[in-house]
*Asks:* 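Next up is a structure, given as structure tokens.
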Protein chains: 2
Amino acid sequence: MRDNSSQSPFNREQQYAAKRKAVIFAAGGAFRRRGYHNTSMVEIAKSLGLSKAALYYYVKSKVEILYECHVIVYGAMDVCVKSVKGQGDSGLEKLKLLYGEFASLLTRDGLALLADVDSLKGDFQAEVSARRGKIERAVTRLVKMGMADGSIKKADPKVTVFFLMGALNWMNVWYEADGRMSGEVIAAHFVDQMSAGIRA
Amino acid sequence: MRDNSSQSPFNREQQYAAKRKAVIFAAGGAFRRRGYHNTSMVEIAKSLGLSKAALYYYVKSKVEILYECHVIVYGAMDVCVKSVKGQGDSGLEKLKLLYGEFASLLTRDGLALLADVDSLKGDFQAEVSARRGKIERAVTRLVKMGMADGSIKKADPKVTVFFLMGALNWMNVWYEADGRMSGEVIAAHFVDQMSAGIRA
DNA sequence: AAATAATTTGACTTTATAGTCGAAAAATTT
DNA sequence: AAATTTTTCGACTATAAAGTCAAATTATTT
């Protein structure tokens, strides 16, 4: 009796988790491209070579998938926020680092800022809204810091941030991972255009 | 027998057209706030003090409403494109005028750039996509002009334009006409941040 | 005020798709 | 190779919301 409880391809839990993740990412990609309500469970299943019923072995409901998609992106964004903590000398420098991380994130790993927050219900929606608010506040904090230290032009911080987040959110609509430009090039472009737009 | 065929409140066609427009704008506002699929025909009807069935006296289908909403915004945007023709000395100046018009448009009259293009089918979708493409090309033309005449920093025009259009499209999510800031102030802010971001 | 036309409705049908379930099939353990 | 557990599926039900329609109501014309 070998103990292989932690070796990837023979570990039951890991297999299950990997398959569940594949379901969520396949669905997330479809949600990004065609929208949550324009994507049926049957389509998601077919894209994975499964029947619809098999999907329900890995997820409780369609809306749970949407929720997980949001959690994954905001989790990754939280990591970005932490990873730039302590770096950068001015508010603007800090913001450039963070914004670049965000842009890279959205051009890698099939991660996307989905728009369908209103399709979530009750607690799911409240939590996702809260997490989006948290990210927005982290960005706003850096913008305000920059305005205070003179690295960012003084203006209404809310509108400034909405402008920047809008550019990021819109990536879902046009960015395809297999496009001719690499994610890193686009991220660099975004950082340039963002920082030029707000620097003092 | 009076001929009142062209006087507003007693003209049948005008009454009908006004009510139809009210239906489309009420629906459009709801679509913007909660999304196309999260808004039912019953909700639209109730918001106007009507039954669902009465709605179908004014529109053929729900998707027709969505289509009309798109047509109205892109029609208004076409007007903007025309209205700035011949104005502005450089590519950047022209773009500032156009972008300002767009931003004003979206903070007035309940007009909004709806995201749900994928909920349209067949010809409807093709036409709306084409009109969006037309607007995007008009913006791209000005960006390229600015890059050629030296008023706009050289970079990939597509990514530049996507960045700018993203900021505009995201307004749907956060802008409420009754907010504390006037639409014109926001439009001016957007023009500033846009132009600073791309000027040479 | 009777007749005609425009508008609205309650109650109904249709449709798309989410979600369930018992059993089959495949993989794993003994 | 039998027993057990995991994974998958065909065929089903449930449900929400779009869309229809004949009839009632309201407005307008004669």
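Sequence lines set the chain letters: A, B, ... in the order given, protein chains first and strands last, and positions in each chain run from 1.
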*Asks:* Testing the 3.5 Å rule here: is there a donor-acceptor pair between the side chains of E127(B) and Y67(B)?
*Replies:* yes
*Asks:* Any heavy-atom pair between the side chains of F163(B) and F163(A) that's under 4.5 Å?
*Replies:* yes
*Asks:* Evaluate the side-chain proximity of L114(A) to V73(A): yes if any heavy-atom separation is below 4.5 Å, no if none is.
*Replies:* no
*Asks:* Using the six-membered ring wherever Trp is involved, compare the ring planes of F31(B) and Y36(B) and label them parallel, tilted or perpendicular (cut-offs 30° and 60°).
*Replies:* perpendicular
*Asks:* Look only at the side chain of S151(A) and the backbone of L92(A), and say whether a donor-acceptor pair between them is shorter than 3.5 Å.
*Replies:* yes
*Asks:* All N/O contacts under 3.5 Å from nucleotides 23-25 of chain C to the protein, with atom names and distances to one decimal?
*Replies:*
none

*Asks:* Going through the checks in order, is the side chain to side chain contact (heavy atoms under 4.5 Å, CB included) test met by R131(A) and V71(A)?
*Replies:* CA-CA 8 Å; R131(A) 295 192 70 159; V71(A) 165; 3.8 Å; yes
*Asks:* Where along residues 61-68 of chain A does a heavy atom come under 4.0 Å from DNA chain C, residue by residue in number order?
*Replies:* S61(A), K62(A)
*Asks:* Among side-chain atoms of S119(A) and H37(B), is any donor-acceptor pair under 3.5 angstrom?
*Replies:* no
*Asks:* Taking the six-membered ring for Trp, are Y57(B) and Y16(B) ring centroids under 6.0 Å apart?
*Replies:* yes
*Asks:* Specify the residues of residues 24-48 of chain B, ordered by number, for which at least one heavy atom lies under 4.0 angstrom from an atom of DNA chain C.
*Replies:* none
*Asks:* Using a cutoff of under 3.5 Å, can you pull out all pairs of nitrogen or oxygen atoms linking the protein to nucleotides 7-9 of chain D, with atom names and distances?
*Replies:*
residue	atom	partner	partner atom	Å
dT7(D)	OP2	Y57(A)	OH	2.7
dT8(D)	OP2	Y58(A)	OH	2.5
dC9(D)	OP2	S51(A)	N	2.7
dC9(D)	OP2	S51(A)	OG	3.3

*Asks:* For Q87(B), does its backbone N or O pair with a side-chain atom of K94(B) as donor and acceptor, under 3.5 Å?
*Replies:* yes
*Asks:* Mind jotting down which residue pairs meet the salt bridge (charged side-chain N to carboxylate O under 4.0 Å, His left out) criterion with at least one end in residues 140-153 of chain A? Sequence neighbours excluded, please.
*Replies:* none
*Asks:* State which residues pass salt bridge (charged side-chain N to carboxylate O under 4.0 Å, His left out) with E101(A); sequence neighbours excluded, sorted by chain then number.
*Replies:* none
*Asks:* Quick one: does NZ or CZ of K52(A) land under 6.0 Å from the six-membered ring centre of Y56(A), within 45 degrees of the ring axis?
*Replies:* no
*Asks:* Judged by atom type as modelled, is there a donor-acceptor pair below 3.5 Å linking the side chain of R32(A) to the main-chain atoms of A112(A)?
*Replies:* no
*Asks:* NZ of K60(B) versus P of dT20(D): gap in Å, rounded?
*Replies:* 8 Å
*Asks:* Could you tell me how far apart L55(B) (CG) and dG10(C) (C1') are, to the nearest whole angstrom?
*Replies:* 15 Å
